[in-house]
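Report on the structure given below.
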Amino acid sequence: GAVWVGIPGLRTLRIYPLERFVVHTREDGTRELVQKWDYSDHYRVADFQLGIRVPSADTNDLMPVKVEYNEIGRVTNPFKVAFNTDDQWPQRFSAAGVSAISTYTRQKPVREVLAAQDATSAEEMSNAITERMNRSLEDIGIFVRESQYVDISTVNDADAQMLGDVARA
């Protein structure tokens, strides 16, 4: 069907790159997010999911961790997504996720961040990330429904050895 987007030349449909991640399980049982790219000229208003990967997030005691989260969001205002952004809403979404995760980890010592591998701590971290992302994305018409924990681990093997069982939880 036809879609009215405005006066031709002034407002048209925009094609934007959409970065997404697929969860891949390695032979040793560890998981990683594999980056994929799609191109789209429409805005999905049903739930969508994007993986957020932070390869090195600082902690309170300056021991970096690798964090992977799956974010489930929804476009609540397609007009804002289409015309109140710089055409890069997926990157804005990802940046809000990286910022929310980094802000959370910088406030906590590494042992507490790694402890988010238990259900209660993971839920606390997920809720904090969701809340912060929603504050960041409200102006562009996107709502984050849920932040799902995928993986948190130390970046350096030496840090993992020093932390012992906490790093292997």
Side-chain angles (χ1 to χ4, degrees), residues 1-25 31-60 65-108 112-113 115-153:
V3 177
W4 172 258
V5 294
I7 300 168
L10 296 177
R11 291 211 172 173
T12 62
L13 289 176
R14 299 173 181 172
I15 296 176
Y16 59 91
L18 179 62
E19 177 185 34
R20 65 183 176 92
F21 292 91
V22 176
V23 177
H24 172 72
T25 304
R31 294 170 293 192
E32 69 175 331
L33 293 175
V34 179
Q35 182 184 43
K36 303 280 184 185
W37 287 95
D38 291 326
Y39 294 87
S40 181
D41 64 356
H42 67 280
Y43 301 95
R44 188 173 178 92
V45 292
D47 285 357
F48 63 87
Q49 62 183 0
L50 290 175
I52 306 293
R53 177 189 299 167
V54 183
S56 182
D58 287 333
T59 57
N60 187 307
V65 291
K66 176 178 57 177
V67 182
E68 294 180 2
Y69 256 78
N70 184 54
E71 300 297 335
I72 298 177
R74 177 180 289 258
V75 172
T76 57
N77 188 327
F79 185 85
K80 282 185 175 182
V81 172
F83 301 113
N84 275 13
T85 67
D86 53 3
D87 297 337
Q88 300 298 326
W89 74 264
Q91 284 73 14
R92 286 251 188 113
F93 188 91
S94 295
V98 170
S99 175
I101 290 167
S102 298
T103 298
Y104 182 87
T105 62
R106 283 184 189 123
Q107 300 172 27
K108 309 274 185 184
E112 229 177 283
V113 172
Q117 295 177 5
D118 75 63
T120 304
S121 298
E123 184 176 357
E124 174 200 324
M125 183 175 180
S126 294
N127 290 340
I129 291 167
T130 300
E131 183 180 313
R132 184 162 182 83
M133 285 186 72
N134 278 327
R135 285 195 310 264
S136 297
L137 297 170
E138 182 178 16
D139 290 342
I140 64 168
I142 296 177
F143 173 77
V144 178
R145 187 171 63 78
E146 185 178 357
S147 297
Q148 300 172 333
Y149 165 90
V150 176
D151 183 48
I152 301 173
S153 56

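This chain uses plain numbering: 1 for the first residue, then up along the sequence.
The backbone N or O of V150 lies less than 3.5 Å from a partner atom in the side chain of R31, making a donor-acceptor pair.
Here the straight-line distance linking atom CG of L50 with atom CD of Q91 works out to 9.5 Å at 0.5 Å rounding. In this structure, CD in Q107 is found 12.0 Å from OG1 in T59, a value given to the nearest 0.5 Å. In this structure, CD1 on I101 lies 9.5 Å from CD on E68, to the nearest 0.5 angstrom. With values rounded to the nearest 0.5 angstrom, E71 atom CD is found 9.0 Å from S94 atom OG. Rounded to the nearest 0.5 angstrom, D47 CG and R74 CZ are separated by 4.0 Å.
You'll find the side chain of V67 reaches within 4.5 Å of the side chain of M125, heavy atoms only. Contact check for V75 versus F48: side-chain heavy atoms found under the 4.5 Å cut-off. Contact annotation: the side chain of R92 never approaches that of I142 to less than 4.5 Å [non-hydrogen atoms, C-beta and beyond].
The side-chain contact (heavy atoms from CB on, under 4.5 Å) check on K80 picks up N77, N84, with sequence neighbours excluded. With sequence neighbours excluded, no residue forms a ring-ring contact (aromatic ring centres under 6.0 Å, His included) with Y69. Qualifying side-chain contact (heavy atoms from CB on, under 4.5 Å) partners for E146, counting only residues two or more places apart in sequence or in other chains: I72, Q148. Not counting sequence neighbours, E123 has no partner by the salt bridge (Lys or Arg N to Asp or Glu O under 4.0 Å) test. Residues forming a side-chain contact (heavy atoms from CB on, under 4.5 Å) with S102 (at least two apart in sequence, or on another chain): V54, A57, V98, R106.
Shown here for V65 and T105, the closest heavy-atom pair between the two residues is CG2-CG2, 4.4 Å.
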What donor-acceptor contacts under 3.5 angstrom involve side-chain atoms of residues 128-135, with partners at least two apart or in another chain?
| residue | atom | partner | partner atom | Å |
| --- | --- | --- | --- | --- |
| T130 | OG1 | S126 | O | 2.9 |
| T130 | OG1 | S147 | N | 3.3 |
| T130 | OG1 | S147 | OG | 2.7 |
| E131 | OE2 | R135 | NH1 | 3.1 |
| R132 | NE | T103 | OG1 | 3.3 |
| N134 | OD1 | V144 | N | 2.5 |
| N134 | ND2 | T130 | O | 3.4 |
| N134 | ND2 | V144 | O | 3.1 |

